[in-house]
Amino acid sequence: MKDDETQNAGRQVHPTPLLDELEDGPWPSFITGIKRLRDEGSEGNQKMMNDLLGQLNHSYENRMGYWKGGTVSVFGYGGGIIPRFSEVADKFPESKEFHTLRVMPPAGYHYTTDILRKMCDIWERHGSGLIAFHGQSGDIMFQGCTTENTQKAFDELNEIGFDLGGAGPALRTAMSCVGHARCEQSCYDEVRAHRTIINKLLDEMHRPALPYKFKFKFSGCANDCVNAIHRADFAVIGTWRDDIKIDQEKVKEHVAEKGRKYTIDTVVSMCPTRAISLNDDDTIEIDNRSCVRCMHCINVMTKALSPGDDRGVSIMIGGKRALKIGDLMGIMVVPFMRLKTDEDFDKLEDFAERVVEFFAENALEHERVGETIDRIGLPAFLEALDIEPDPNMVNHPRTSCYVRTDDFDEEAAKWFERKAREAGLQISAE
Amino acid sequence: MKDDETQNAGRQVHPTPLLDELEDGPWPSFITGIKRLRDEGSEGNQKMMNDLLGQLNHSYENRMGYWKGGTVSVFGYGGGIIPRFSEVADKFPESKEFHTLRVMPPAGYHYTTDILRKMCDIWERHGSGLIAFHGQSGDIMFQGCTTENTQKAFDELNEIGFDLGGAGPALRTAMSCVGHARCEQSCYDEVRAHRTIINKLLDEMHRPALPYKFKFKFSGCANDCVNAIHRADFAVIGTWRDDIKIDQEKVKEHVAEKGRKYTIDTVVSMCPTRAISLNDDDTIEIDNRSCVRCMHCINVMTKALSPGDDRGVSIMIGGKRALKIGDLMGIMVVPFMRLKTDEDFDKLEDFAERVVEFFAENALEHERVGETIDRIGLPAFLEALDIEPDPNMVNHPRTSCYVRTDDFDEEAAKWFERKAREAGLQISAE
Amino acid sequence: MKDQPNTPRTPDEVGVPDPFQYMHPVMKANYGNWDWHERPRPGVLRHVAKSGDVIYTVRAGTQRQMDVFTIRKLCDIGDKYADGHVRFTTRSNIEYLVADQGKVAPLIEALESEGFPVGGTGASVSMVSHTQGWLHCDIPGTDASGVVKGLMDMLHKEFVQEKMPNRLRITTSCCQINCGGQGDIAVNVQYTKPPKINHDLVANVCERPAVVARCPVAAIRPAMVNGKPSLEVDEKKCVCCGACYPPCPPMQINGDDSTKIAVWVGGKHSNARSKPTFHKLAVANLPNNAPHWPEVNDVVRRIVEAYKADAKHWERMGEWIDRIGWNRFFEMTNLAFTKHHLDTWTGARKTMNMSAHLHF
Amino acid sequence: MKDQPNTPRTPDEVGVPDPFQYMHPVMKANYGNWDWHERPRPGVLRHVAKSGDVIYTVRAGTQRQMDVFTIRKLCDIGDKYADGHVRFTTRSNIEYLVADQGKVAPLIEALESEGFPVGGTGASVSMVSHTQGWLHCDIPGTDASGVVKGLMDMLHKEFVQEKMPNRLRITTSCCQINCGGQGDIAVNVQYTKPPKINHDLVANVCERPAVVARCPVAAIRPAMVNGKPSLEVDEKKCVCCGACYPPCPPMQINGDDSTKIAVWVGGKHSNARSKPTFHKLAVANLPNNAPHWPEVNDVVRRIVEAYKADAKHWERMGEWIDRIGWNRFFEMTNLAFTKHHLDTWTGARKTMNMSAHLHF
Ligand code: SRM
Ligand code: SRM
Ligand code: SRM
Ligand code: SRM
Ligand code: SF4
Ligand code: SF4
Ligand code: SF4
Ligand code: SF4
Ligand code: SF4
Ligand code: SF4
Ligand code: SF4
Ligand code: SF4
């Protein structure tokens, strides 16, 4: 840290006694980083960050926030910027505008150092010099920009191949796990699914016209490394339909290495549906009918076990956090959709479009799709989307007898037709 | 069966072609029994049962019921009789009145053949000759009585030591399992608990003045052989607080007899909280902290395992069936109440009285106590009854952040006080 | 009082009778001090007290709705082959208590020869829990005793042997009030049409505000019909629950054709292993086909057979289905999963599968 | 367009960038064909492809809110000791992808010497998920980066080693909107007072019907105050959720003293073993004590320690508590169970213990 006189082109540096306390400790300090921008950044960075620190210290003192919203956008787009205007601009004028550009990352968050440096350069010139990898929705957040510079910053980011993400009542930036790129558990091509859907629906992101936000998240398997079920309106999770693949030799090696009792305690007893039993010869038996594809045993015995070959995705609709009706998790709406061929991807894309369309047409203002489903009931949602009811959608069938069932037989006929159709398909496929 | 001419004092016997079909098959036939009353019963029985059969066959033909309610009671009591008047009395006049007397059984349903015969004699004289052991609430149901004979029948039953049970908006007849009388799982004296509470509150049974029905049920352990949790407003279930008692020699015998794998599959893997492990020497280890007193392992190894010694009851409030808000199960409101000494029984009695009093004062008309709790929220119910909140009351603490917590610290202080008190008690007891 | 012979007798409010006067002496002597039990054969329990005393229980099925002749016959058997002490179980089976092992076999023989099946213990199908139906109730959609008789005739073999994975408990209810409990299998009336209102009677018979309050979906509103105060039902809202019928009989919910039967599965009262559960819809809209209800019996049979064939020892119906998945349950029983299986009642969301757990 | 220099540039709607242009060549070559992995040491993953190819991942913690100097430093390290390919994880950790095992140790050394902790893999405490707080948001009750910094300073040791029973995921949210997710431990703002309304501003700033609609308990109604159209809150009903504040800033929900912190436990996103769950209230009303939040940190530390000491391998926080019981959780962490822990929201009944299962 330099001393007060020399720095910041002669301006006073705001004292930040409370923030200074956040420079100790082993974890990297955001305060140290921001101070460096104040002290060594581009001229624009320095000014803005000095006042930013001043305002932040003021917040720490008074335990109150001092930003308010507004409207800022770039040419051609209606969203993607989070505008921030200071309520204490009189004291801290240089950070009176401190907007964030939400920028979509490459699917799976892959970067080269080269592209990162380019981003830094742009943001040093036009913004505050502060970037977050990533926001909770997955955006690269270029934080701290004047209204004037917003367009410039965007133009340059756009030139290097990046686009704005979502904000407001719109399709939001999506996330996908590392999956296929590195992970052996991955059951589908997350990058392709992610890019196919979002790029198809891009208009809904850039020109906000939905009743409220709509988020997609893509996890390659049920470990759900991007928290899709809780945090996406449309969660795509990899799974498989056939049997878990077992390499019995490697099972034996695992048991030999970890011990028998340990294997029983951590694998057999922890299977949620008692589907696994350990044979006397230290191989295992999996009752695949009872297996719910939870991933646990595969996680523990990563060398010996792996997902089956008949892979695809399941789709859960309606996750969100607390506003208005309380937290919701996505409901299993599509138990299985194969996802391998071009046609498969087309189907997924088509389904995504139909759900967003349903949302656009049926949700109330500021209502998430999960709330819509709660309001109209799952059966009505399924009917609207022409999805056939399936036992996998529920933990168990209804327990309440409050329902009018005079058309039960017709409904049952649909099920039997479907089963016949599926049986037919299976026969013809064989 | 006699032939038509001779029987029933010359009256025509109604043909009962549909009912006749219920006389085949290996299970004892109620139709054969009723026909016997028609054909060989007392004169009153014969007439009444002929028309009863006629009406019942009529119901079978038309698939409609033909009884309606009304008001019938005995001197001094306002309840206990289910009045039935026929809507087809023109066709079947002799069973135009067909009331039921609900009579409370001895706790645990114990009888001698002698007392049963006495009941038969009374009912042959004053009623239809048809008795059910027992109704779903546990009453002996003396079914089929004229208005005129109701008092007579009751008087005679009362003389041999029996009393009317509940009907209408009142305390209802209770049930208790065989428990202490024969069952090694029983954790408290069900007979005493049952009789103490019901006989104390008897006025609420005989002179209906509650907002709606109120049922007690008593099970000696969590196997709940009287279905208390679903079907009682106030369920009393035996449990224990200390460790499960293990006779390791008998464990070994069990394993030797049933096999190791079978023991793992049916005991170890089936424990709901993974509290059991099988040692290499075929003894078992139970982590009693994790055990939820579900009874399963004790059921399977009845010789080797038994409930601990620090026994008592837990109380669940609010079970009922479907009307109005859907099925409810009782909520765990008192996790543990020791039940051994006279004082303990006084406490139980007192608590039961307070709950019924709360119900009388706070429930809406035709509202069960479970519905009241749902309406006002569990915290308000606990406060009204001066019960301290306990984690055993919930599967888990709240997940919703919609709550005003500014008095959290005062509430927390109560908990710490209670814990200090309990610790003190434990110390002074030692 | 006593000197006015015409005044009715004042009741002696004895309350719950003391059972010790009727209890078998061995049970009385060892009250609260039992040690363990075993089942020497289906229908027989052998309980051993800590004192070493032994009591045998022989359990037999009855029709519950018993004529005095049947009861006396049971008493005769009790006097002749047992010790004159009996009890009835939660499920209306009779139990003979016998101290002497030598009496057990003759007792069984006597019971069986009189047509009372001996069984209902352990992993058997016990007696169906029984309600009133057309025989006695004022609101029934079907009969009770007849339904029970049909089911127990069919399942008789499973009563007298213990060959199920765990105990299997069946319950019936003859209207949607559901006096029967939760069941591994529950056979319940399910109405399918809104009530038909006899407007001429409503004003006289029904307390209108009370009826309005009784409806779980607020589908009833007061209305003037033909100039008389009556009630109106919004048929779009009505869930055909029948709750309005008992307080207002002119709102007839039953119809010879529209009263149907639904079968539910997976209810459980005990706390053993899993927590108690409610039963879940398996199939609705089965015809109310007295006197044999063949369609209902057929469904029950398929469910019992599937459970028997596939469940693991100690798994109750609901626990078995949870393990193998509802998909496979519907497949094995050849029943259909429909939109009506998706819960729509309060708390419905918590019954949805909000996870990636899947059964294929 | 191009010939009008003053017209803004039309965006090139590229959408989600193609990651293959940035992806490490070994990952690209083996895309979708990985076989297994292991963790040679905390912070390092070794993934083996079906082809036999190997990729090492070295994971390090960052402050997420990074200045360009920090990012460039990370890039320098990547260029010098790794292959110039990186990614960021769901929890804002940076990952270096390295084909050559020889580079792993020097890379770790370089990261650590520059102050970037290497870890966050396997059964460790990974980076706290991070939101905006006073630094950027318009509605925050507390800061985010400062809270995260404090927690990670405290838990640094648990980040660089893998000594927890399973992965432990912490999340924070700087207002009750809760942009942070569910967490094994969640540190969230919990308001304790109804909004204070600046009636002079409401008419100009707020769309009143929209605000009324936003309230989950219908506690807001339009009202005239001092002759101006404004809004009124029924303070008895208000659950202090703060939902009215974003659409209507004059309804100030924050107060220097009344904005408090609650800690929640047992949230889980993965489907491994148990289904995903929401987190549950552990303690509320902790002071919003910047810059170190010692009371919050103390609670978190106690929870982490109890879990670490007592849970079985592979049990997540919520699974552990389910096994040992909430009673014991409160005992071990020295926290209080109060009436506020009893759920009162929609579906609350299903969170009650409707069974005889008990933990003593
Ligand atoms: C006699 C009776 C109690 C009474 O006071 O009348 C009784 C008696 C016994 N029950 Fe029960 N249960 C009786 C109704 C019940 C009920 C209620 C019901 O059937 O409506 C239940 C709850 C059923 C449910 O969950 O829906 C019940 C759930 C159990 C269980 C738990 C089974 C499970 O694994 O879920 C056990 C434990 C066991 O099987 O070892 C049990 C165990 C027993 C034992 C073994 C207890 C003992 O050690 O003596 C008794 C002998 C049972 C046998 O049949 O082998 N009893 N038992 C009831 C006989 C009913 C009948 O005639 O069939
Ligand atoms: C007789 C009996 C069925 C049987 O054959 O065993 C029975 C019969 C009736 N029940 Fe019940 N209930 C009988 C046990 C039950 C049970 C089981 C129990 O107690 O364990 C329940 C479920 C538990 C509960 O209490 O919820 C039960 C839940 C109902 C209900 C629904 C209550 C609710 O809140 O959901 C009603 C309707 C009402 O009360 O308005 C009802 C109403 C009736 C009425 C009074 C119908 C009416 O409103 O007119 C029936 C009279 C039938 C008759 O003609 O005798 N009955 N009823 C049982 C009583 C016999 C006895 O005293 O021993
Ligand atoms: C890199 C990352 C995905 C990404 O695209 O960025 C990732 C990568 C892996 N996860 Fe994950 N998970 C990542 C976030 C998550 C999340 C989301 C989160 O943390 O917010 C979850 C859900 C957490 C929850 O349930 O709340 C998650 C739940 C899992 C699980 C399930 C753990 C469990 O038992 O509940 C596994 C299985 C395992 O541990 O073997 C897993 C396993 C893995 C494996 C072993 C998969 C593989 O075979 O490669 C990866 C290495 C993990 C390691 O750290 O040892 N990953 N993983 C994320 C790293 C976050 C970090 O920096 O800490
Ligand atoms: C920046 C970010 C937090 C962060 O630091 O990472 C964030 C910040 C805000 N969120 Fe969020 N949310 C962010 C991810 C989330 C997530 C997590 C996710 O997407 O996985 C959630 C939970 C999931 C969900 O969608 O429900 C989330 C749930 C909300 C909600 C509640 C929505 C609900 O229906 O319950 C709101 C309120 C609203 O939309 O009215 C909200 C609103 C906001 C606003 C726009 C506050 C406002 O209304 O003015 C915040 C702007 C802060 C700022 O100044 O930049 N934010 N928000 C995250 C977005 C960064 C990015 O684009 O990558
Ligand atoms: S969600 Fe599954 S596929 Fe994706 S990174 Fe996690 S473990 Fe791998
Ligand atoms: S994936 Fe899960 S459910 Fe399937 S066998 Fe493995 S542990 Fe059991
Ligand atoms: S509830 Fe328990 S104590 Fe009572 S009879 Fe059943 S097993 Fe025995
Ligand atoms: S009683 Fe139940 S919870 Fe306790 S150890 Fe036995 S099986 Fe496990
Ligand atoms: S279920 Fe309905 S019809 Fe049957 S006894 Fe109960 S109230 Fe009457
Ligand atoms: S049948 Fe049920 S839902 Fe329909 S009007 Fe009557 S009470 Fe209401
Ligand atoms: S949690 Fe609240 S304060 Fe924090 S970023 Fe999200 S909306 Fe803003
Ligand atoms: S804080 Fe929440 S509950 Fe209170 S008035 Fe505002 S929106 Fe309604």
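The sequence lines fix the lettering, A, B, ..., with proteins before strands; numbering per chain opens at 1.
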### Task
Tell me, out of A/A222, A/G370, A/A413, A/P335, who's got the most heavy-atom pairs with chain C below 4.5 Å.
A/P335

### Query
So which of A/L378, A/I317, A/L382 has the largest heavy-atom pair count under 4.5 angstrom toward chain C?
A/L378

### Summary
chain A shares the most heavy-atom pairs under 4.5 Å, among C/I324, C/N188, C/L358, with C/L358

### Query
So what's closer than 4.5 Å to chain A heavy atoms on C/N178: side chain, backbone, both or neither?
side chain

### Message
Can you tell me which of A/I373, A/T273, A/N288 forms the most heavy-atom pairs within a distance under 4.5 Å of chain C?
### Response
A/T273

#### Entry: Stepwise side chain to side chain contact (heavy atoms under 4.5 Å, CB included) check, C/V239 with A/V403
CA-CA 5 Å; C/V239 290; A/V403 56; 5.7 Å; no

### Query
Using a cut-off of under 4.5 Å for heavy-atom pairs, which of C/H341, C/K350, C/K193, C/E319 has the most such pairs with chain A?
C/H341

### Query
Is C/D310 paired with A/R289 through a side-chain N to carboxylate O contact shorter than 4.0 Å?
yes

### Query
Counting heavy-atom pairs under 4.5 Å to chain A, which of C/V265, C/D322, C/N334, C/I321 comes out on top?
C/N334

### Query
C/N353 and A/N395: which non-hydrogen atoms are nearest, and at how many Å?
CA-OD1, 3.4 Å

### Message
Between C/V283 and chain A, with a heavy-atom cut-off of 4.5 Å, which part of the residue counts as in contact: side chain, backbone, both or neither?
### Response
both

### Min side-chain heavy-atom separation A/P397-C/F330 under 4.5 Å
yes

### Query
Which region of A/T239, side chain (C-beta onward) or backbone (N, CA, C, O), has a non-hydrogen atom less than 4.5 Å from a non-hydrogen atom of chain C, or is it both or neither?
side chain

### Message
For the CZ atom of A/R418 and the CZ atom of C/F337, what is their distance to the nearest 0.5 Å?
### Response
9.5 Å

#### Entry: Which atoms of A/E388 approach chain C - backbone, side chain, both or neither, heavy atom under 4.5 Å
neither

### Approximate separation, where rounding is to 0.5 Å, of A/I229 CD1 and C/S355 OG
6.0 Å

### Query
Which bit of A/C291 comes within less than 4.5 Å of chain C, counting heavy atoms only: side chain, backbone, both or neither?
backbone

### Message
Looking only at side-chain N and O atoms, does C/T344 offer a donor or acceptor that is under 3.5 Å from a partner on A/R398?
### Response
yes

### Query
What part of A/Y402 lies closer than 4.5 angstrom to a heavy atom of chain C: side chain, backbone, both or neither?
both

#### Entry: Toward chain C, the part of A/S314 with a non-hydrogen atom under 4.5 Å
side chain

### Query
Atom CG in A/D406, atom CG in C/D257: separation rounded to 0.5 Å?
12.0 Å

### Donor-acceptor under 3.5 Å (C/Q190 side chain, A/C401 main chain)
yes

### Task
Please round to the nearest 0.5 Å and tell me the distance separating atom OG1 of C/T351 and atom CE of A/M393.
12.5 Å

### Task
Please flag which part of A/D374 lies under 4.5 Å from any non-hydrogen atom of chain C: side chain, backbone, both or neither.
side chain

#### Entry: Minimum heavy-atom distance C/L342-A/P389, with the two atoms named
CD1-CB, 4.2 Å

### Residue pair C/L281 / A/F408: nearest heavy atoms and the distance that separates them
CD2-CE1, 4.4 Å

#### Entry: Under-4.0 Å salt bridge between A/D287 and C/R323
yes

### Query
Can you tell me if C/H340 and A/D407 form a side-chain donor-acceptor pair at under 3.5 Å?
yes

### Closest heavy-atom pair and its distance - C/A336, A/W415
CA-CD1, 3.3 Å

### Query
Could you give the distance from CG (C/N327) to CG (A/D390), rounded to the nearest 0.5 Å?
5.0 Å

### Query
At their closest point, which heavy atom of A/I331 faces which heavy atom of C/M352, and how far apart are they?
CD1-CG, 3.7 Å

### Task
Can you tell which part of C/A348 gets under 4.5 Å to a heavy atom of chain A, answering side chain, backbone, both or neither?
neither

### Task
Tell me, out of C/K312, C/H357, C/K339, C/R349, who's got the most heavy-atom pairs with chain A below 4.5 Å.
C/R349

### Neighbour count >12 (heavy atoms, 6.0 Å) for atom CG, A/D386
no

### Message
Rounded to the nearest 0.5 Å, what separates atom CH2 in C/W326 from atom CG in A/N392?
### Response
12.5 Å

#### Entry: Under 4.5 Å from any heavy atom of chain C - which part of A/L328
both

### Query
Do you know the tightest heavy-atom contact between C/D343 and A/T399?
OD2-N, 3.5 Å

### Query
Pick from C/G266, C/P216, C/A284, C/C240: which one has the most heavy-atom pairs with chain A under 4.5 Å?
C/A284

#### Entry: Over 12 foreign heavy atoms within 6.0 Å of NZ, A/K340
yes

### Message
For the interface with chain A, which of C/F329, C/F278, C/W345 has the highest count of heavy-atom pairs at distances below 4.5 Å?
### Response
C/W345

